[in-house]
Every structure is written in structure tokens, then in C-alpha cells.
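Report on the structure given below.
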Amino acid sequence: MPGTVEPRLSRGLRDLLPDQMLARQAMIDTIRRVYELYGFVPLSTPAIEFLDVLSGSAGQEAQQSIFRVSNPENEALGLRFDLTVPLARVIAQYAELPRPFRRYQVSPVWRADKPDKGRFREFAQFDLDSVGTVSEIADTEILAGMCDTLAALNVGPHLVRFSSRAVLNLLLDFASVPHSQCVDVFRVLDKLDKVGLDKVSLELMDGYKDESGDTIRGIGLTRDQVDRIVRFLNVKAERRRDVVAQVRELFANVPNAPAQIDAIQRISDHLYALGYGDDRVSLDLSIARGLAYYTGPVFEAILLDAPQFGSVFGGGRYDSLVQRFLGEAIPAVGASIGVDRLLAALAHLGRIGKQKATARVLITNMDANLTDDYLAMTWELRRAGVPTELYVGTAKGPGKQLRYADQYDIPLAILYGTNEKQQGIVTIKDMAVGREKAKNVGDRSEWLAARSGQVSAPRAELVATVKRLLDELDRGI
RNA sequence: GCCGGGGUAGCUCAGUUGGUUAGAGCACCAGAUUGUGGAUCUGGGGGUCGCCGGUUCGAAGCCGGCCCCCGGUACCA
């Protein structure tokens, strides 16, 4: 039809329909409860920041994935690509905030990257950070918070791992690699999970040609340097304390090694003491994380049944990010949960709730003369705290209206016509009973006559009866 | 960004040497059934055949360019 606009979205952007929003809100509520249990406080910052505020910490390539924004004043603006940089700005801008400042923030961020599985151009992150403390207790509680959050979300088998940029910097000394190459080396190490040790070794040296004929450029280390890196990568153990012992031995002759290794050992010991054993948090020193600004411990979590979605929860210590704004270094540590990536992974695994409606009761509208009764019943239930929808569509009979309740998975429907009114009762229908019964009924009249799952209650006892039935449904009776 | 595959109804797809008015299943809407959801039957709405240009009497199908999607790869602060 000419003159109409095609409804569509730019790539990487999505609508979240009600069933998706309900699952998402449930997830966010759960995460918030854990973060608040830990005593973190909420923060909100604008989606739009000055470009120099955003891009200072990132490399040149990074700027390409920033969405630019225009305003009437023609200022250089962009959409935030994470929540950490705005946090650093807030810390620098509000000197009066008591420190440590321990905040959580759930907000959308934007990256103009190529969309991929579980990867969008607009997506929400849910961050928690402690700013203004060098204490390893802060690192410990971020890791513990990650464990508790994932457990509360019921995501299935998962693994929280941590490592240390400080220890990886020791590795550079151990392998005689100049620190100027740290970004390249860590970037390649970050692929270990994905491509394996052999390809990582090749890429650290002269590169290779992969199956598709693509050339992977190497970073030019020598065989001897790579051998030493591989010895480090082979430091592996089920138990964190064994990993610590092994790396201590390997780095026996590296200057400053004992202090850095002591630091990760203390975090590990705190976790042991709190009951976060080797089954919940592992120490995997090969984890580098892509971000350049990490300075100490780094963390990440993956879902064991959906590893292709990558890290769903990641973070680390970044002791110099605020320096850019303030001139003064303020230590900080935090982690970020990828709400949308995690939701995509859980949807893939069939682990998200299937709730479609908020209403638990639908009052059907069968007789225009009884409108006042329907209104009264609706508000009685609402005032009693029962989420209730009054059918406001045009369908006359109950058939279409019950179908509506069925489509939205509203568990109870109220039927009230002149029959009920004369008898002073209401009919309350349990939708699930009929749905179950329909599987074994072939004949329609039989199906209709069954009046499945219906009970009558005195009109005066509507609220009490509905509450009792919902309670029974919730308890699976 | 690079390599490969693809784009026809809301979804999954069929549609050959280029030839009437482009189809099916599912989904949706209505009726059979005006006080009862499912199944069944009948009917209905819905298409710029990804976009632009070219070849041709004639293009969903051929040619060129572009866009987008999927898989792999690279990047991911």
C-alpha cells in the first residue's frame, strides 16, 4: 500500500514482547535482590555522554563501535558502551560521595558491532562495583556475588573462574616478553578456550592459515618465549590451592612474584572460608579478558551447557580508570552481568519462564446489564491484592473470552451471568484443568458439557475462594 | 572486514529450458457453536517474490550493482 511506512528495526535492535519482558524483569529482580543483600546502592546515569568522556579509555578501534548522537548544539556525543566508564565519571565528578562507593546499575548500553548469537547492538548490563578500595575483601565479595547471583538465577551448571592481570604481567617477565606487547599477548591468550593450545601457540609466533583459508597473523614471539608461556598455561588443577602452589614454583625466580601470588591466594582463602569451594570458583590463570584497563584480579562466568554464548558475567579490578578524569588513581573492582546474552542463552537452553500475563484472574463480560457487577468484582479482587483483568474487548459470549484467557495463560476465569446472579453465586474456572482434559476428548459437545475445572462459590466469598484456589495452584495441589 | 550459503504470506517452505490471476502447511480472523478454551469442517484476510537497474513481447526464475539474513573467520575497549 503506497504511503505506509514499513514497520522495521535497524539491525541488532530488538523489541521485547511481554513474555520476554516478564522473564527479563524476573531476572533483573533476582539480581537486584542479591546485590542489595550485599549492600550495594543503585545509580543511574544518562544514555548519552560526551564523546571524550566515553572514548578516552578505549583504543582507536573502540571508537568505531560507539553510536554517535547529534544534538541541536552540535556537541560531540555518543551512547555509552558500558557502565564502568560512566561510573568513573561519576566518581570523579561527585567528590562528596563517601567511599568506598559500592553501587549497582542496570541499564542498556549500545555498541555498533556486528550482531551475533546473544550479541545485540542494544543490550542491558547489570553491574556491581566497589570504588575506592584496594581491599581484597572487595574482590572476594564480587566473586561471591557472582556465585550467589548465578545460583539465585537457577541458570543450571556454570563455572565462575578468576585469574589475575598482575600474575599475567609476571608471565611476561617469566617469558621475557616486553610489557609493551601485553595487549597482543593477552588478546591471543583470551582465545584459548575457543581455539585450543596449538593454535594459540602458532598465533603467538608466526600465525597460521585456518581451515577456511583465512590467514591468522601471528604476533612474532620466539619459540623459546612461547615454550615458557605454554609451561604457564599448563598450570592447571582442580583445587585453587594447588594452582597457587604450582605457579609459585614456576615463578620462583621472577621478581615481585610472591607478592602478587599472595594476593590471589588470599582471595582464594577468603572464598574457601566462606564456603565457596573449588566446585564453585576455580582459579584459571590462563584467563586474560579482552579489556585493556584491568590491573589485578579478573573474573568471568560461563554456562557449561551453552559455552558458545561466551562469558555471561565478567569483571575485574581496574585501579586506574578514574585517573583519566581526576588525575588521581582511585582503585576499583567490579563485575558486569550481560542480561540479554544470559537471557538468550537461557532461552536457548529452555530455562526461562513462560509467563505471558500478569493477571491471575480474568473477569469475563457476558451481559452488558451486569457491567456494574463485573466492575465491582474486579475491584474487590484488585483491592485484595489479586492481579485481575476485566475483559474489555468486543467479544460477546464467553467462548472468545475464555480463549483470550487461554492465550495469555491467565489461570482463573470468572463466569457471571443472569443464572449466577439469580442464585447469588459466581462460577470460577480453572483454565489448566480444561486444557489438560482437552487432550483426551474428541467430541466437541462432550468437551462443552464437561464444564471442566469449574466451581461455584457464593458471590460474597469471591475473593476468599479465588485466593484459596490461586494458593492451591501455586503450591501445586 | 574476509570466505561460503541464502532472501517467495506472520512462520516453515514449494514454485525450471522465462509464459494466464504466485501456491501449500502452520498461525491469524469469521462461521458451523448467541453461556464455555481443545479437536474437526467451511470460508476469509494477508505478497512491492529483498532493493534498484538491465535483457525480453513477457522476469519470482536470466545479467549487473546494492541491501539484509545464516554459517565460518576476524574484531570485541
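Worth saying up front: this structure is predicted, and the values here are computed from it rather than measured. We name chains A, B, ... by the order of the sequence lines, and we start the count at 1 in each one.
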Interatomic distance at [atom1], [N] relative to [M], whole Å:
| N | M | atom1 | result |
| --- | --- | --- | --- |
| B:C49 | B:G18 | C1' | 15 Å |
| B:A30 | B:C67 | C1' | 39 Å |
| B:A27 | B:G46 | C1' | 12 Å |
| B:G23 | B:U48 | P | 15 Å |
| B:A14 | B:C75 | C1' | 39 Å |
| B:G31 | B:C13 | P | 33 Å |
| B:C11 | B:C52 | C1' | 28 Å |
| B:C51 | B:A60 | C1' | 14 Å |

Once side-chain hydrogen bond (donor to acceptor under 3.5 Å, both in side chains) is applied, do any residues pair with [X], and if so which ones, sequence neighbours excluded?
| X | result |
| --- | --- |
| A:Glu380 | A:Arg459 |
| A:Tyr104 | A:Glu36 |
| A:Asn419 | none |

inquiry  = Could you check whether atom OH of A:Tyr408 has more than 12 heavy atoms from other residues, nucleotides or ligands sitting under 6.0 Å from it?
reply    =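 No - once you tally the heavy atoms of other residues, nucleotides and ligands closer than 6.0 Å, there are 12 at most.
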
ask   = Quick check: are there more than 12 heavy atoms from other residues, nucleotides or ligands sitting under 6.0 Å from CZ of A:Arg223?
value =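 No - once you tally the heavy atoms of other residues, nucleotides and ligands closer than 6.0 Å, there are 12 at most.
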
Could you state the [atom1]-[atom2] distance from [X] to [N], rounded to the nearest angstrom?
| X | N | atom1 | atom2 | result |
| --- | --- | --- | --- | --- |
| A:Glu300 | B:C76 | CD | P | 15 Å |
| A:Leu17 | B:G10 | CG | C1' | 12 Å |
| A:Asp184 | B:C75 | CG | P | 10 Å |
| A:Tyr391 | B:U36 | OH | P | 15 Å |
| A:Asp113 | B:G1 | CG | C1' | 13 Å |
| A:Ile414 | B:G37 | CD1 | C1' | 16 Å |
| A:Lys199 | B:G72 | NZ | C1' | 11 Å |
| A:Phe120 | B:C76 | CZ | C1' | 16 Å |

Using a 4.0 Å cut-off on heavy atoms, which residues in [range] reach RNA chain B? List them by number, or say none.
| range | answer |
| --- | --- |
| residues 417-438 of chain A | A:Gly417, A:Thr418, A:Asn419, A:Glu420, A:Lys429, A:Asp430, A:Met431, A:Gly434, A:Arg435, A:Ala438 |
| residues 444-452 of chain A | A:Arg444, A:Trp447, A:Leu448, A:Arg451, A:Ser452 |
| residues 362-374 of chain A | A:Met366 |

Identify every side-chain donor-acceptor pair in residues 448-458 of chain A under 3.5 Å, counting partners at least two apart or on other chains, and give the distances.
residue  : atom : partner  : partner atom : Å
A:Arg451 : NH1  : A:Leu448 : O            : 2.8
A:Gln454 : OE1  : A:Lys429 : NZ           : 3.0

task = Answer syn or anti for B:G61, where the cut-off is 90° from 0 on the glycosidic torsion.
result =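 What B:G61 shows is a syn base, its glycosidic angle lying within 90° of 0.
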
Are [X] and [Y] ion-paired here, with the side-chain N under 4.0 Å from a carboxylate O?
| X | Y | result |
| --- | --- | --- |
| A:Arg475 | A:Asp471 | yes |
| A:Arg317 | A:Asp139 | yes |
| A:Arg468 | A:Glu472 | yes |
| A:Asp340 | A:Arg14 | yes |
| A:Arg121 | A:Asp113 | no |
| A:Glu141 | A:Arg102 | yes |

Can you name the atoms? Protein N/O to nucleotides 27-31 of chain B N/O, anything below 3.5 Å, with the distance.
residue : atom : partner  : partner atom : Å
B:C29   : OP2  : A:Arg403 : NH2          : 2.3
B:G31   : OP2  : A:Lys400 : NZ           : 3.0

query = Of all the choices, B:U36, B:C75, B:C76, which nucleotide is nearest to the side chain of A:Pro398 once you look at every atom?
reply =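 Given the options B:U36, B:C75, B:C76, the side chain of A:Pro398 is closest to B:U36.
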
Which residue lies more 5' along RNA chain B, comparing A:Val183 with A:Gly397 via nearest heavy atoms =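 Per heavy-atom nearest nucleotide, the more 5' residue is A:Gly397.
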
message = Quick check: on RNA chain B, is the nucleotide nearest A:Asp190 upstream (toward 5') of the one nearest A:Ala405, or the reverse? Name the residue that is more 5'.
response =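 Of the two residues, A:Ala405 wins.
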
ask   = With pairs taken as Watson-Crick or G-U wobble and both distances under 3.5 angstrom, which stems of at least three consecutive pairs involve RNA chain B?
value =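 Detected stem regions: B:1-7 with B:67-73, B:10-13 with B:23-26, B:28-32 with B:40-44, B:50-54 with B:62-66.
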
ask   = Does a side chain donor of either A:Tyr35 or A:Gln105 reach within less than 3.5 Å of an acceptor in the other side chain?
value =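 A:Tyr35 vs A:Gln105: no donor-acceptor pair found between side chains.
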
ask   = Does the side chain of A:Asp443 pick up a donor-acceptor pair with the side chain of A:Ser445 at under 3.5 Å?
value =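 Per modelled atom types, A:Asp443 and A:Ser445 side chains form a pair under 3.5 Å.
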
ask   = Can you find a donor-acceptor pair, distance only, under 3.5 Å between A:Gln454 side chain and B:U36 base?
value =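 It does, because a donor-acceptor pair links the side chain of A:Gln454 to the base of B:U36 below 3.5 Å.
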
A:Ala47: partners by side chain to side chain contact (heavy atoms under 4.5 Å, CB included), with sequence neighbours left out =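 Side chain to side chain contact (heavy atoms under 4.5 Å, CB included) check on A:Ala47 returns A:Leu79, A:Arg80, A:Trp110.
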
N/O donor-acceptor pairs under 3.5 Å from side chains in residues 298-306 of chain A, not counting sequence neighbours:
residue  : atom : partner  : partner atom : Å
A:Glu300 : OE1  : A:Arg289 : NH1          : 3.0
A:Glu300 : OE2  : A:Arg161 : NH2          : 2.7

request  = Report the C-alpha separation of A:Asp409 and A:Lys354 in whole Å, then their side-chain angles, then the decisive distance to 0.1 Å, and conclude whether the salt bridge (charged side-chain N to carboxylate O under 4.0 Å, His left out) test is met.
outcome  = CA-CA 9 Å; A:Asp409 267 346; A:Lys354 296 186 177 62; over 6 Å; no

ask   = Got a sec, which pairs hit salt bridge (Lys or Arg N to Asp or Glu O under 4.0 Å) with one end in residues 390-407 of chain A, sequence neighbours left out?
value =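 As it turns out, the salt bridge (Lys or Arg N to Asp or Glu O under 4.0 Å) pairs with a partner in residues 390-407 of chain A, which skip direct neighbours, are A:Asp406-A:Arg435.
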
